[in-house]
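Here's the structure, in structure tokens; my notes come after.
Source: prediction; values computed, not measured. Numbers restart at 1 for each chain; the letters A, B, ... are given by sequence-line order, proteins then strands.
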Number of protein chains: 2
Amino acid sequence: MEIPPVVIDRLPLYTRALSALESEAREVVSSQELGTRLGVTPAQIRKDLSYFGRFGKQGRGYNVHKLLDELQRILGLDRQWRMALVGVGKLGRAILGYEGFTPQGFRIVQAFDTDPKRVGEQLNGLTVKSADELESALSANPVDVGIVAVPAEIAQSVINTLVKCGVRAILNYAPIAAQVPRGVHLKRIEPVLALQSMTYYLKNSRGPA
Amino acid sequence: MEIPPVVIDRLPLYTRALSALESEAREVVSSQELGTRLGVTPAQIRKDLSYFGRFGKQGRGYNVHKLLDELQRILGLDRQWRMALVGVGKLGRAILGYEGFTPQGFRIVQAFDTDPKRVGEQLNGLTVKSADELESALSANPVDVGIVAVPAEIAQSVINTLVKCGVRAILNYAPIAAQVPRGVHLKRIEPVLALQSMTYYLKNSRGPA
DNA sequence: ATCTGTGAAGCACTTCACAGCG
DNA sequence: CGCTGTGAAGTGCTTCACAGAT
């Protein structure tokens, strides 16, 4: 069956709320309560879950632990994912130092840069390699995800190289509207883009509250 | 007229592509070409723009400079936006040091933390204030946007305080599914969330390309 | 001839509302 | 009686297709 992409985007939110409930030692939760916590309607949660199976018990709700487990399996969060970082400037270093990846099973296992001055540097236990070596390094040691943290001017060409190396999921921090072929997944992780759409609403609703 | 939210989310992409075209000294662009650059259909671009006016010339296309100007005005990007950062740990410092905000008219003008050890510190020209002072500091010196970079456990309460202080746009870096009242805009800027939905597709399409 | 602007058609997602299980 | 799972209805967004302007 073909699952609507928006549904897939909501599942990680559900896992997040379920983790919180689990650490509160809650055993059961209803779509109603989950919905209130997340700002999503209960009907939507039930419909979303129904694409994958029947996880609830009528009259009771969902077993927190079991549902969390199912969702993690569905999303592929029950294993480790290997990532390559391209660009170890200011932003790239911050990404390398980010502690939120590892506990969720995401690990940066290779780092690249185009600047020869940075090649060879040791950062967080990784030796920075030249971006010219991308192809050989990734074929010797493949990754699942590419993280792009290079200047806008070279971002598209870096993305093209990653795609050529078989990377099918890319996290793009560069401020460009990058193109990828069908079948490659790209997510823009870029604060300015998010800000620029919020300003529209700020501008159009003056006064407090 | 009520503009579909998805349309507003696309406008910043259009401004980005138009800026690129402008720096290439292109005078005119068609919806066809803009669409190819962005991976959006030409019809969608024309429809989106038609919500706001008639900016094109039949048989020719759109004047790059004029359209960019119009979109920036529509989105409110023709002025400065003031932001407050809450949380100056590792992540918060990286955000303070990010150079992508200023050229786009976004400026962090206040920084807060709950940890007394960090209060008083000088960072990027700002003196870190105690989170207890949020209310008084923001009423003396209001901001348009709040940036939340605190641990998950206290993120919701920080967000509540920001909302109480009249902040109506929030960029949330904390890994929680935060709640905000209607009328407040919140964007999740969180790499793990983006990764966790991409893994679904990776898991479900084995083999190269 | 080319490319916009736009009603109308088509598609995708959300919500409703209720049968049925615990 | 509460709450899930789900067809059907409703809503919102996208694409089509063409009249009209240059």
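Nearest-nucleotide assignment on DNA chain D puts the 5′-proximal partner with A:Arg60, out of A:Arg60 and A:Ala43. Comparing A:Gly59 and A:Phe55 against DNA chain D, the residue whose closest nucleotide sits nearer the 5' end is A:Gly59.
At a threshold of 4.0 Å, the pair A:Asp78-B:Lys203 does not count as salt-bridged, since none of the basic side-chain nitrogens sits closer than that to a carboxylate oxygen. For B:Arg37 and B:Glu33, the salt-bridge test passes: some basic side-chain N is under 4.0 Å from an acidic carboxylate O.
The side chain of B:Lys47 lies closest to C:dA8 when the candidates are C:dA8, C:dG5, C:dC21. For B:Pro4, taking side-chain heavy atoms from C-beta onward, the closest of the listed nucleotides C:dT4, D:dC3, D:dC13 is D:dC13. Of the candidate nucleotides C:dC3, C:dG5, D:dT14, C:dG5 has the atom nearest to the side chain of B:Ser50.
Phosphate proximity of D:dT14 to B:Tyr51: absent, as no side-chain N or O sits under 4.0 Å from OP1 or OP2. Between C:dT14 and A:Arg10, a contact under 4.0 Å exists linking OP1 or OP2 to a side-chain N or O. Contact check, A:Thr41 against C:dT15: a side-chain N or O comes under 4.0 Å of OP1 or OP2. The side chain of B:Ser31 contributes no N or O atom lying less than 4.0 Å from OP1 or OP2 of C:dC3.
For the pair A:Gln58 CD and C:dG22 P, the interatomic distance rounds to 6 Å; values are reported in whole Å. For the pair B:Gln44 CD and C:dA12 C1', the computed distance is 13 Å after rounding to whole Å. Residue B:Ile45 contributes atom CD1, which lies 14 Å from atom P of D:dC16 at whole-angstrom precision. Per the geometry, CG belonging to A:Leu34 stands 17 Å off C1' belonging to D:dG2, to the nearest Å. For the pair B:Asp48 CG and C:dT4 C1', the computed distance is 14 Å after rounding to whole Å. B:Ile8 has its CD1 atom 16 Å from the C1' atom of D:dT14, to the nearest Å. Nucleotide D:dG12 holds its P atom 16 Å from the CG atom of B:Asp9, rounded to whole Å. In this entry the distance linking CD1 of A:Ile3 with C1' of C:dA12 reads 14 Å, nearest Å.
Across all strands shown, B:Arg46 has heavy atoms under 4.0 Å from base atoms, whether or not it also approaches the sugar-phosphate.
Looking at heavy atoms from C-beta onward, B:Val148 lies out of side-chain contact with B:Leu186 at the 4.5 angstrom threshold.
Aromatic ring pairs are classed by plane angle as parallel below 30°, tilted from 30° to 60° and perpendicular above 60°; the pair A:Phe52 and B:Tyr200 is perpendicular.
Panel note: side chain A:Gln179, backbone B:Thr36; a donor-acceptor pair is recorded below 3.5 Å.
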